[in-house]
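What follows is a single structure, written as structure tokens, with notes after it.
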Amino acid sequence: MAMFPELRLRRLRRTEALRALVRENQVDVGDLIYPLFVEEGKGIKLEIESMPGICRFSPDRLPEEVEEVAKLKIPAVILFGVPEHKDEVGSSAYDPEGIVQQAIRAVKKTAPEMIVVTDVCLCEYTSHGHCGIVDENYVDNDRSLAVIARTALAHVEAGADIVAPSDMMDGRVRAIRTALDREGFQHIPILAYAAKYASAFYGPFRTAAESAPKFGDRRSYQMDPPNVREALREVEQDINEGADLIMVKPALPYLDVIRAVREAFNYPLAAYNVSGEYSMLKAAAQKGWLDEKAVVMESLTAIKRAGAEIIITYFAKQVAQWLSK
Ligand code: PBG
């Protein structure tokens, strides 16, 4: 191998054109999925305090946002619902007239080409705020599966293109696959939140979606942050159950997990740049402490470099605008 002074690594960094020529990774608008929060009601566009620039929309106000997203050439959105009615079993999650089902139809009517992904979980719909059915303060895995599968089916019947279970019950991917296939939806892919950690970075999202657990926490079903080998087993299980795409969540504090999953599995890999990751950069940028565009692009590039090809991010609209300039 050549050594200094023959080797001068700075030669390829001298101009932007040279740097671009040898660049190994870059963020492309076609890789992005934009999260949308929808709530019941009319005329609502309400900014989430801890997530500047991100709003909750009622279905009638959704088209204006979706048109903007489509115009920016962002290929996909992921929907999160804030229902009026909550109960023990999260029945509004699978109601054919549920909030996400209404939103799916609104998005499809506005932008038929937009890929509509739905988050399949019960925490926004249950009175206790847990992601499954609770039995004596413990989330009952197997009883939750039927409700989760029924919710995914309701989303697909309303027009969803991809369903993304985020509940972290064992066996949910198989339960969803079975339900979809039985009803003739063999062509609908499942994006499994495969390695989803019990992270404090979901804080702003839970305020936005009113989905914080009313007792306890999610550590009995979401993953323990110190573990990485376990993430590979989670991903393997979801693939064996029929997942088409897999996800690691959160993204930036878990880049090593993204890398490990990328090396072990040849499946399309998404990373979720979660609410707390967004809020941190937004807050520092608003204070003038960080250059927003620079730190956002550097962060998302790091997620790609770690090995994710798809990024779910609240920055998607801004990134699309920056990239188009
Ligand atoms: C639902 C769900 C959560 C997120 C995505 N789906 C919250 C949670 O698990 O508590 C978090 C997304 C974010 O923080 O941006 N279970």
Side-chain angles (χ1 to χ4, degrees), residues 1 9 12-13 19-33 35 75-76 78 115 117 119-120 162-174 176-177 189-202 218-219 221-278 280-281 295-313 315-316 319:
M1 244 212 272
L9 290 163
L12 294 177
R13 295 180 199 143
R19 290 191 293 273
L21 187 69
V22 298
R23 192 157 290 147
E24 298 175 31
N25 294 286
Q26 48 203 346
V27 176
D28 186 273
V29 64
D31 309 327
L32 305 178
I33 301 179
I78 180 165
I115 300 168
V117 186
D119 181 87
V120 177
I162 297 178
V163 286
S166 70
D167 52 283
M168 290 300 279
M169 299 302 121
D170 290 315
R172 77 269 167 78
V173 174
R174 171 159 297 152
I176 291 172
R177 187 72 271 158
I190 299 174
L191 163 58
Y193 282 74
K196 175 172 175 178
Y197 286 86
S199 170
F201 285 97
Y202 308 152
R218 305 210 199 291
R219 290 175 186 274
Y221 41 103
Q222 298 182 348
M223 281 186 60
D224 200 19
N227 297 355
V228 61
R229 292 190 298 269
E230 186 188 351
L232 300 178
R233 299 174 67 208
E234 277 286 358
V235 170
E236 188 176 18
Q237 161 161 293
D238 284 358
I239 288 173
N240 287 340
E241 289 181 21
D244 301 281
L245 310 99
I246 50 185
M247 195 197 301
V248 171
K249 172 182 177 201
L252 293 172
Y254 295 85
L255 292 176
D256 58 324
V257 181
I258 296 174
R259 166 60 35 199
V261 171
R262 170 40 67 236
E263 282 173 5
F265 300 96
N266 287 316
Y267 272 70
L269 175 59
Y272 200 141
N273 179 228
V274 303
S275 56
E277 301 175 56
Y278 177 83
M280 281 196 294
L281 296 189
V295 291
V296 170
M297 292 311 293
E298 184 176 335
S299 300
L300 299 187
T301 304
I303 295 169
K304 295 222 69 175
R305 192 186 63 233
E309 46 265 295
I310 302 165
I311 306 175
I312 303 175
T313 179
F315 288 114
V319 170

Q. At their closest point, which heavy atom of G30 faces which heavy atom of D28, and how far apart are they?
A. N-OD1, 2.7 Å
Q) How long is the span from the NZ atom in K249 to the OG atom in S199, to the nearest 0.5 Å? A) 8.5 Å
Q. What is the ring orientation for Y193 with Y272, classed by angle as parallel under 30°, tilted 30 to 60°, or perpendicular over 60°?
A. tilted
(Q) I'd like to know whether OH of Y221 has more than 12 heavy-atom contacts from other residues, nucleotides or ligands below 6.0 angstrom. (A) yes
Q: Answer whether the closest heavy-atom distance between the side chains of R305 and E24 falls below 4.5 Å.
A: no
(Q) Can you confirm whether more than 12 heavy atoms, excluding those of E263, are under 6.0 Å from its CD atom? (A) yes
Q.
Give me the atom names and distance for the closest heavy-atom approach of P165 to R172.
A. O-NH1, 3.2 Å
Q | Any donor-acceptor N/O pair, R177 side chain to G242 backbone, under 3.5 Å | A | no
**Q.** K196 to Y202 six-membered ring, cation-pi geometry met (6.0 Å, 45°)
**A.** yes
Q | Inter-residue atom distance L32.CG - I310.CD1, 0.5 Å rounding | A | 10.5 Å
Q: Could you tell me the separation between the CD1 atom of I190 and the CD1 atom of I162, rounded to the nearest 0.5 Å?
A: 11.0 Å
Q | Closest approach of A192 to V173 (non-hydrogen atoms, all atoms of both residues) | A | CB-CG2, 3.9 Å
Q) Rounded to the nearest 0.5 Å, how far does CG of D170 lie from CD of E241? A) 7.5 Å
Q.
Testing V248, N273, D31 one by one against I303 for a side-chain contact (heavy atoms from CB on, under 4.5 Å), which residue passes?
A. N273
Q) Stepwise, does the side chain to side chain donor-acceptor pair (under 3.5 Å) test hold for N25 with T301? A) CA-CA 7 Å; N25 294 286; T301 304; over 6 Å; no
Q) Donor-acceptor pair, Y197 side chain versus N227 backbone, under 3.5 Å? A) yes
Q | R229 atom CZ, over 12 foreign heavy atoms within 6.0 Å | A | no
**Q.** Flag if over 12 foreign heavy atoms under 6.0 Å of CG, N266
**A.** no
(Q) I need the minimum non-hydrogen distance between P250 and E277, along with the two atoms involved. (A) CB-OE2, 3.2 Å
Q: Verify, without hydrogens or angle tests, whether R262 (side chain) and F265 (backbone) share a donor-acceptor contact under 3.5 angstrom.
A: yes
(Q) If you compare all heavy atoms of L252 against all heavy atoms of S299, which two are closest, and at what distance to 0.1 Å? (A) CD2-O, 3.5 Å
**Q.** Whether E234 side chain and A195 backbone form a donor-acceptor pair below 3.5 Å
**A.** no
Q: Specify the closest pair of heavy atoms between R219 and A198, including all atoms of both residues, with the distance to one decimal.
A: CG-CB, 4.0 Å
